Each structure stands twice: as structure tokens, then as C-alpha cells.
Visitor: 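Below is one structure. I have some questions about it.
As the structure is a prediction and not an experimental result, all values here were calculated from the model. So that the names make sense, note that chain A is the first sequence line, chain B the second, and so on, each numbered from 1.
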Number of protein chains: 2
Amino acid sequence: MLNNLTNHIKKFVELHGIDVELINSVVTVKQVKKKTFLLEPDHICRDLYFVSKGCLRLYFINKKLNEQITQFAIENWWMSDHGSLESGKPSSYFIQAVENSEVISISKPKLEELFEKVPSLERYFRIVQQRAFIASQKRIEYIYSMSDEERYRHFNSLFPDFIQRIPQYMLASYLGFTPQFMSKIRAKKV
Amino acid sequence: MLNNLTNHIKKFVELHGIDVELINSVVTVKQVKKKTFLLEPDHICRDLYFVSKGCLRLYFINKKLNEQITQFAIENWWMSDHGSLESGKPSSYFIQAVENSEVISISKPKLEELFEKVPSLERYFRIVQQRAFIASQKRIEYIYSMSDEERYRHFNSLFPDFIQRIPQYMLASYLGFTPQFMSKIRAKKV
DNA sequence: CGTATTTCTTAATCTTGATTCATTTTTTGA
DNA sequence: TCAAAAAATGAATCAAGATTAAGAAATACG
């Protein structure tokens, strides 16, 4: 649904009818099946993805050849490899659909054009970017102030329904420990 | 130097003479002595700080009653507790000068006003915010893909002159390990 | 359906970096 | 300039979580 995006934007800035049309004219809606890749390593990331329905994950393969998830995006979140997008250099990340999803994508050049035509989008993305930064800082704070076990329990209490949506090994990866350790603490809980 | 700020902004967006005047009319320059606090826990963070000279650190006291540094800011970096600034809730952080520094500060309401009068600042802060987010994500990537020792060596090779400026225990804190462990790997190096 | 693949669990052993406590070195400021 | 405080080092012991290696339980899908 195209409206999901512009409705989200309207929560932060005013949009006129013409703005909505302009935005909708440059984005594309994609239905992506579970396990589909939107980005793979060695490719330059050229798009921003807005999750209108479903769930995406961002991950890379670490030295021990395990998947390391660094981000999830669910409804109303943006997903991209901002590093690659900004620098134009090849990514080392995968972006993959965790569930069958609907994604609204916009290319970087189209977004730049939009900024000229709809200046209030600068503000929208400033605010969205700021929130992402705050969340990211909060995450670093948690990494440095809680043990893995504490962080697992904390995450559980904050996002009880999200953890139902994804396999446990993905949450273990996101939280930075092994599935085995996760089983251990879950067993303890009872 | 007031110019440090506007010169930095000009690297990202165009500013007219009048914009520069508007900006300079709402910011304040402060000379802060080493160890001075710009923010303390239980206070609401009301300002953004631009480091024109010197170095600031952002830290909190963790459960084990140790200082946990989450950010440094040197010349041309912004520093704030964005979480407290945005929510208006009390901070749990300290912002402290690591060296005698010069800081250009702007209050949140004044910044909001500025956004109305100088719209290109929206773009500037969007870009700056985006870079901060990318750096933050990169840091999370490093945390999850390197051992503490690797991260120390990596940080050393990336910022050899920065590590000269700060006490080692602060770097240990920032990297998330103890000063004792840091001594150990430094001793090993020879 | 029923088999193959994916996901989750258990347990034994091993490693990295924390903790504790003592000592040395460096820096600060009266 | 020298005493006090701050910062860095060292070594012994300890703990959280990784690794390895099975096996069990879910889920997907032909």
C-alpha cells in the first residue's frame, strides 16, 4: 500500500496533495517473498526500503562465517545500507526478507530529486534519521551495560510480540550470542 | 571561534550572509575547562554542543559503578544527549570536557526557530545526523565482529593521534573493557 | 501425508576478558 | 618542588559465554 509511506511521513511533517503525488510517482512497491534478497555483498546499495508490511533483516558474514544480524526492520521502518548508499561503495551486507513482505523502495537519485521538490522531506528524514541514531546509541548503551543474558530478558520484555515473529537463532544473532547460549538461558527461565 | 561552526555547515549546504548572522545570533560560545560538566544525570539536556576546539566525552555510570563512555566529540563534531533532548526527559548521562575546550552551544528551541528561518539547516542536520548514524552502526558492526583485543588494535590504527589525546582508561571504557586488560594487550604488543 | 530441511536443545570442555589486590609511574596543583 | 591524587601495570583467580558434537523437535513442501 502506497499510502503507508505517505501516512507515515504525515505523522512528522505536512504534505500537500501534490507532494503525495510526487512521492508516489518515484517510489515502487514490491511484494517480496520470504528469503528474497534485496541487497547482497559486493553490490552497491542504491535504494532505501520502507517496510510497509512484513520484516527485513540486515546482516553480514563474520570471520567465523556466521551470520551477524545488525538490524531488523518491521512495518514503518526504513532499511538500507546507508554506508554503501552514501559512499557509492560496494556493500558487505545482505538485506533479506524474513517474512513475505511489502516494501516501498526509492532510489538515492530519486530521493535527491524529491528533496528539491518537497523540501519538507528534508525535515522528515532528519527526524527519522535522528530517531534511528538515538535507537542505535541506546543499543550501544545496552551492549555495554548489560550481560548477554540481561539483554535477552530486556529485549523480551520490550518486544514480546516481535520475538514471536522471528526464529530464535536470528534473535541470538542480533543480540550477539550463540543459539546454544540462548537455549541455555531459556531453559533456566522455568 | 564562531566561524568554525558556520564553516562546517558550509561544507554541506549553502549559507548566505544573512543566514550566518542568524545562526551566530542564537548560539553561544563557551570556554570550558577540562573536567567541566556540560550535562549531569537527572538534568534535562537542553542544548546541542558543537566542539570548536578540544574534546568532550559522553558517559554514564553502569551497575558496577564504573564510568562507561559511549561517545567522544572532537573538533567539528556535535555532542548531546539526543534522547533526553528529544523526549524532554532527564538524562542519565554526563557530558564532560576531557581537555580545555571551546564549545558552541545552541538550545533546542532556538534550533527549532532556526530551522524555520534557515531551511537549509534541515538538510545540514539531516546529513550530519545520517553520518552519526552510519558511524554508530559501524561501531555496532565492530563490536559484533571483533574481539576486544582486535577492536583495540583496529581503533589504534585508525586514530593514532586521537589516542594520544586521552587517558588510556578512557579508551578502555569506550571500547568496553577494563584498564587492566588494556595493559595486558599493550604489554603483549612488544 | 511423510520425508527433508530448518530450528532448537543439551552437555562437556575451552577461552576471553573480568575481578581483586597490590605496586609503580605519571600528573597535578598548593 | 614535592606531596597527593590520578593513571597505568602486573599477576592470580574466576566467570560468562563460545565451541563442539550430538540429537530432538518443528516446519515446509513435493
Visitor: Using a 4.0 Å cut-off to any heavy atom of chain B, which nucleotides of DNA chain C are the first and last in contact, reading 5' to 3'?
Guide: C/dG17 to C/dT28

Visitor: Taking the axis from the first five pairs and the axis from the last five, what angle separates them in the helix from C/dC1-D/dG30 to C/dA30-D/dT1, rounded to 10 degrees?
Guide: 50°

Visitor: Using whole Å, what does the distance between atom P of nucleotide D/dA18 and atom CD of A/Glu149 come to?
Guide: 12 Å

Visitor: What are the residues of residues 168-183 of chain B, sorted by number, that bring a heavy atom to within less than 4.0 Å of DNA chain D?
Guide: B/Gln168, B/Tyr169, B/Gln180, B/Ser183

Visitor: OP1 or OP2 of D/dA18 less than 4.0 angstrom from a side-chain nitrogen or oxygen of A/Lys184, does that happen here?
Guide: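 Answer is no, no contact under 4.0 Å.
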
Visitor: For A/Ser173 and A/Gln68, which heavy atoms make the closest approach, and how far apart are they?
Guide: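 Smallest heavy-atom distance, with atoms named: O-NE2, 2.6 Å.
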
Visitor: Could you tell me whether B/Glu150 and B/Arg153 have a side-chain N and a carboxylate O separated by less than 4.0 Å?
Guide: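 Salt bridge between B/Glu150 and B/Arg153, a charged N being under 4.0 Å from a carboxylate O: no.
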
Visitor: What integer distance in Å separates A/Tyr152:OH from D/dA16:P?
Guide: 18 Å

Visitor: Please report, rounded to the nearest Å, how far the C1' atom of D/dA18 is from the CG atom of A/Asn62.
Guide: 12 Å

Visitor: Should A/Lys10 and A/Glu14 count as an ion pair when the cut-off is N to O under 4.0 Å?
Guide: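 Result for this pair is no, no salt bridge flagged.
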
Visitor: Within less than 4.0 Å of OP1 or OP2 of D/dA8, is there a side-chain N or O belonging to B/Arg186?
Guide: no

Visitor: Within this structure, what is the CZ-to-P distance between A/Arg151 and D/dA16, rounded to whole angstrom?
Guide: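 A/Arg151 atom CZ is separated from D/dA16 atom P by 15 Å.
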
Visitor: Mind checking whether A/Ser120 and A/Leu15 have side chains closer than 4.5 Å, heavy atoms only?
Guide: yes

Visitor: So, taking the atom named CZ in B/Phe159 and the one named CD in B/Gln164, what distance separates them when rounded to the nearest 0.5 Å?
Guide: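 CD of B/Gln164 is found 14.0 Å from CZ of B/Phe159.
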
Visitor: For B/Lys63 and D/dA16, what is the distance between atoms NZ and C1' respectively, to the nearest whole Å?
Guide: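 Result: 14 Å.
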
Visitor: Whether the A/Arg126 and B/Gln130 side chains hold a donor-acceptor pair (N or O, under 3.5 Å, no angle test) is what I'd like checked.
Guide: no

Visitor: To the nearest 0.5 Å, tell me how far A/Met182 CE sits from A/Tyr152 OH.
Guide: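 Rounded to the nearest 0.5 Å, the CE-OH separation comes out at 4.5 Å.
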
Visitor: Under 4.5 Å between any side-chain heavy atoms of B/Cys55 and B/Glu99, yes or no?
Guide: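 Contact flag for B/Cys55/B/Glu99 side chains = yes.
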
Visitor: Locate the shortest heavy-atom distance separating B/Met170 from B/Phe72; write the atom from each residue and the value.
Guide: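 What the structure gives for the nearest pair is O-CZ, 3.9 Å.
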
Visitor: Give the rounded distance in Å between these two atoms: CD1 of B/Ile166 and P of D/dA6.
Guide: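 Value for this atom pair: 18 Å.
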
Visitor: Taking all non-hydrogen atoms of both residues, which atom of A/Asp148 and which atom of A/Gly176 are closest, and how far apart?
Guide: OD2-O, 4.2 Å

Visitor: Does the side chain of B/Arg57 reach to within under 4.5 Å of the side chain of B/Glu67, using non-hydrogen atoms?
Guide: yes

Visitor: Just how far, in rounded Å, is C1' of D/dA7 from CD of B/Glu67?
Guide: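 Whole-Å distance recorded here is 12 Å.
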
Visitor: Please state how far atom CD1 in B/Ile185 lies from atom P in D/dA8, giving the value in whole angstrom units.
Guide: 13 Å

